[in-house]
Amino acid sequence: MNIKDIAKLAGVSVSTVSKIVNKKDHSISKDTRERVLKIVHEYNYTPYSSSINKATSTGIIGVLINSTVSTDSMLNGIINEAQRKGYSPLILNSCGDLDQELKNMTSLITKQVDGVIWEPVNEESLKNRIHFNSSDIPVVLVGGGGEANSLELPYKLAAYFLTKQLIEKKHRKIACIVGEGHRKNAFIEGYKHALFDSNLKFHESMVLSSLDETINDFIIGGQISGFISSHLYKSIELYNLAIQSGLKSPKDYSLLSIQNDYDYSLVADQKTISTVTINNSNFGAYICNVLINTIAGADAIKPYEEKMVLDNTNTLGLPDEGGKPKILVVGSINMDTFLYSPQLPHNGATNFISSFTKLPGGKGFNQAVGTAKLGHRVRLIGCLGSDMESNSIFQELEKNGVSTIGITRSSDTETGQAYIFVESSGDSMISVLPGANADLSPIKIEQQTGLFSDAEFCLIQTEIPFKTVEKACSIAKNEGLSIILKPSASKIIPDTILKKIDYLIPNEDELLELCPQFDSIEQKADFLLSKGVKNVIVTLGKKGCYLKTTNVERYFPASEFSAVDSTGASDAFISALASYLLRGCSLEDAIQIATYAAGFSVSRDGVINSLADRVTLESYIAKKDPKLLVSHLETGDGSLA
């Protein structure tokens, strides 16, 4: 094969081939140069001047790595792409030895390779780059090596992506499992970056290099709810350790991992664990092209991109919150300002305030705290502003054991405000500034669909937008939840909502707003039942409450408590009703228990402090109405099952 044969195959003149192989081709187009060089390399053409001219192409590229290559498909990507472009790759491995690395560099220089893909042993290695530079051999660095222009697999991006996936599922206690090797530091950096962007603190103790049975104690104890892993084999190790303690993913913990394309040959069922696949072979082809472009003096190719997407979601779920039945509350969250005076304000009169206090509130907040105090796992879906008051509300919810994973923040709206006037008789009136509650949109509810999946009751109030109420009711009904609706400040409730309601609980004023065309409570309740509501319970303040179903009609007397502040009575009633229905009480017994809870509430100032806990409530009922408790199955501590 001579220069005339090369020119004929390429369809160019002999002088053009000569210029290209001797790198005097500035006036020749990129396409022509690449076509000629491909033929030159494929046919191993060596010009006569090559023995004396170092600038002549040999058609060989060096690959100097520092890792085990038996399972790494990156090398396959380099080899396949080099051969496809007409180059012969010469592969050497430094095996972590600086002396061997220098010998390999010398060997590549002696063979006059056209360029080198180099994975340095460490930063010390970079001092020897002068040998490549003095021989005018282009170099592409991979795997870190301490230089900013070194090309790396996107382990940092993958760790960031995996961490954000867990954060979006409401995980806050996320551990990072890493193996030794060049990806370790990049993976930790991505993990830290994701935590920082989500306002979560980084703790060094949450970076794990080794695993043993004690990791199960951290899962069981709630110190860790989710893991990301830099290596699939580490994920499999954790998965198997957890099984030994009866822990399953995603029920007890979530686990996300990197999976390299070569892992497919190592693991028979790689779909067990939720992974994002890093394609080493594609990366190998990419860095090979970077080197070939550098050798040819061509324009730089596009930066390497790896699309981050989970291969499956088998081990990705919400944080575990224990095995107890859950209650989901969807509703308003406010900062309540209580204004105490001898009488309620009225038109034309100046009203003097004797004292005031500020406490977290809102019907959604109150009912969530109320059910949590009665011993249930509770999640609250609501919206807060980004002001200082929102932080104190978060703290109060966490103090009372309410899960806040369903709460979002509105960046440009303040937290809702309620101004509650309380007179000495205990009666009250409320004015509400919705604030961030108005930003609780149907879209935000839909984004929280996963929170409905393992609950049994959904408590909703109409202090949030009606479209949001309707969306919450639709999801709850689709998930098989029993819906309790408090129609706060509502003049009308669409039939599309009413037919989904299991328990509608208005007070007398709210009932009048909903059914102004009827005179009696009984007629109004019948009308609501005709619209599809299954149970209507009307709270009547000092007169107790009224129940109407298709089979039952009954008045219940109020419990005997002195009224101090009636503000949170309905929330206490609803919290107890849901709690004891969930424990298996009949509806009538649950209502009787709820009247006691409401009685406790009106006997104390404010709302949070007036909501009775389970021990207090059941101890009181055991003295006043012991048959109410005895009629149900009991647990070992004598409380309701």
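- Looking at K467 and E470, no side-chain N of the basic residue comes within less than 4.0 Å of a carboxylate O on the acidic one, giving no salt bridge.
- Under a 3.5 Å cut-off, the side chain of E446 and the backbone N or O of P442 do not form any donor-acceptor pair.
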Intermediate values then yes/no, side chain to side chain contact (heavy atoms under 4.5 Å, CB included), I407 and L397: CA-CA 11 Å; I407 295 178; L397 288 168; 3.4 Å; yes

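- Side-chain contact between F466 and I493: present, with at least one pair of heavy atoms (C-beta onward) separated by less than 4.5 Å.
- In this structure, S579 OG and I327 CD1 are separated by 4.5 Å, a value rounded to the nearest 0.5 Å.
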Derivation of the side chain to side chain contact (heavy atoms under 4.5 Å, CB included) call for T337 and F421: CA-CA 9 Å; T337 301; F421 292 88; over 6 Å; no

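- Each of T404, I333, L451 was checked for a side chain to side chain contact (heavy atoms under 4.5 Å, CB included) with L380, and the lone residue meeting it is I333.
- Here CG of L504 is found 13.5 Å from NZ of K531. Values are rounded to the nearest 0.5 Å.
- Using a cut-off of 4.0 Å between Lys/Arg side-chain N and Asp/Glu carboxylate O, E522 and K548 are scored as not salt-bridged.
- Checking side-chain atoms of K373 against main-chain N and O of L611 turns up a donor-acceptor pair under 3.5 Å.
- Under 3.5 Å, the side chains of E618 and Y596 contain no donor-acceptor pair of N or O atoms.
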D387 vs T415, side chain to side chain donor-acceptor pair (under 3.5 Å): CA-CA, chis, key distance, verdict: CA-CA 7 Å; D387 44 28; T415 298; 2.8 Å; yes

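- In this structure, the side chains of K170 and Q448 come closer than 4.5 Å at one or more pairs of heavy atoms.
- Between F527 and F518, the two ring planes are tilted [angle within 30° to 60°].
- Atoms CD1 and OG1, from I228 and T163 in turn, are 3.0 Å apart once rounded to the nearest 0.5 Å.
- Put simply, the side chain of I243 does not reach to within 4.5 Å of the side chain of L247, judged on heavy atoms.
- The structure places CG of L339 at 8.5 Å from CD1 of I420, a figure rounded to the nearest 0.5 Å.
- No side-chain donor-acceptor contact under 3.5 Å links T549 and K534.
- Using a 4.5 Å heavy-atom threshold, the side chains of T275 and L310 count as separate.
- Taking 4.5 Å as the limit, some side-chain heavy atom of Y580 sits within range of a side-chain heavy atom of L374.
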CA sep, side-chain torsions, deciding dist, call: S254, K169, side chain to side chain donor-acceptor pair (under 3.5 Å): CA-CA 10 Å; S254 287; K169 282 290 186 180; over 6 Å; no

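- Seen from the ring of F202, K192 counts as a face-on cation partner, given the 6.0 Å and 45° thresholds.
- Ion pair K486/E463 not flagged as a salt bridge, since none of the NZ, NE, NH1 or NH2 atoms sits closer than 4.0 Å to an Asp/Glu carboxylate oxygen.
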Residues K624, E560; criterion side chain to side chain contact (heavy atoms under 4.5 Å, CB included); working and verdict: CA-CA 10 Å; K624 294 288 292 183; E560 298 175 357; 3.9 Å; yes

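- At most 12 non-hydrogen atoms from other residues, nucleotides or ligands lie less than 6.0 angstrom from NZ of K173.
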Candidate pair I492 and L514, rule side chain to side chain contact (heavy atoms under 4.5 Å, CB included), full reasoning: CA-CA 5 Å; I492 187 170; L514 293 174; 5.7 Å; no

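- Considering only heavy atoms from C-beta on, F196 stays 4.5 Å or farther from Y191 through its side chain.
- Using cut-offs of 30° and 60° for the angle between ring planes, the F561 and Y620 rings count as tilted.
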Residues R554, E588; criterion salt bridge (charged side-chain N to carboxylate O under 4.0 Å, His left out); working and verdict: CA-CA 9 Å; R554 179 179 171 185; E588 292 179 66; 2.7 Å; yes

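- Defined by atom type and a distance below 3.5 Å, a donor-acceptor pair is present between the side-chain atoms of E396 and N400.
- Of the N and O atoms on the side chains of S274 and T315, at least one donor lies less than 3.5 Å from an acceptor on the other residue.
- Atom OH of Y555 has more than 12 heavy atoms from other residues, nucleotides or ligands within 6.0 Å.
- Salt bridge K477/D502: present, at least one basic N to carboxylate O contact under 4.0 Å.
- Remark: the backbone N or O of S488 is paired with a side-chain donor or acceptor of T462 at under 3.5 angstrom.
- Remark: side-chain polar atoms of Q461 are paired, donor with acceptor, to backbone N or O of G364 under 3.5 angstrom.
- A distance of 10.0 Å separates OG in S257 from CG in D311, rounded to the nearest 0.5 Å.
- Looking only at atom types and distance, the side chain of H376 has no donor-acceptor partner in the side chain of T371 under 3.5 Å away.
- Around the CG atom of L433, the shell of radius 6.0 Å holds more than 12 heavy atoms that belong to other residues, nucleotides or ligands.
- Remark: L577 CG to S570 OG distance equals 12.0 Å, nearest 0.5 Å.
- Using a 4.5 Å cut-off on side-chain heavy atoms (C-beta onward), F573 and I593 make no contact.
- A donor and an acceptor atom, one from each side chain of Q417 and N334, are nowhere located under 3.5 Å apart.
- S390 and R409 form a side-chain donor-acceptor contact under 3.5 Å, judged by distance and modelled atom types alone.
- With no hydrogens or angles considered, no side-chain donor-acceptor pair links Y419 and D336 at under 3.5 Å.
- Between the side chains of N437 and S332, no donor-acceptor pair is found at a separation under 3.5 Å.
- Here the side chains of M206 and I174 are not in contact, with every heavy-atom distance at 4.5 Å or above.
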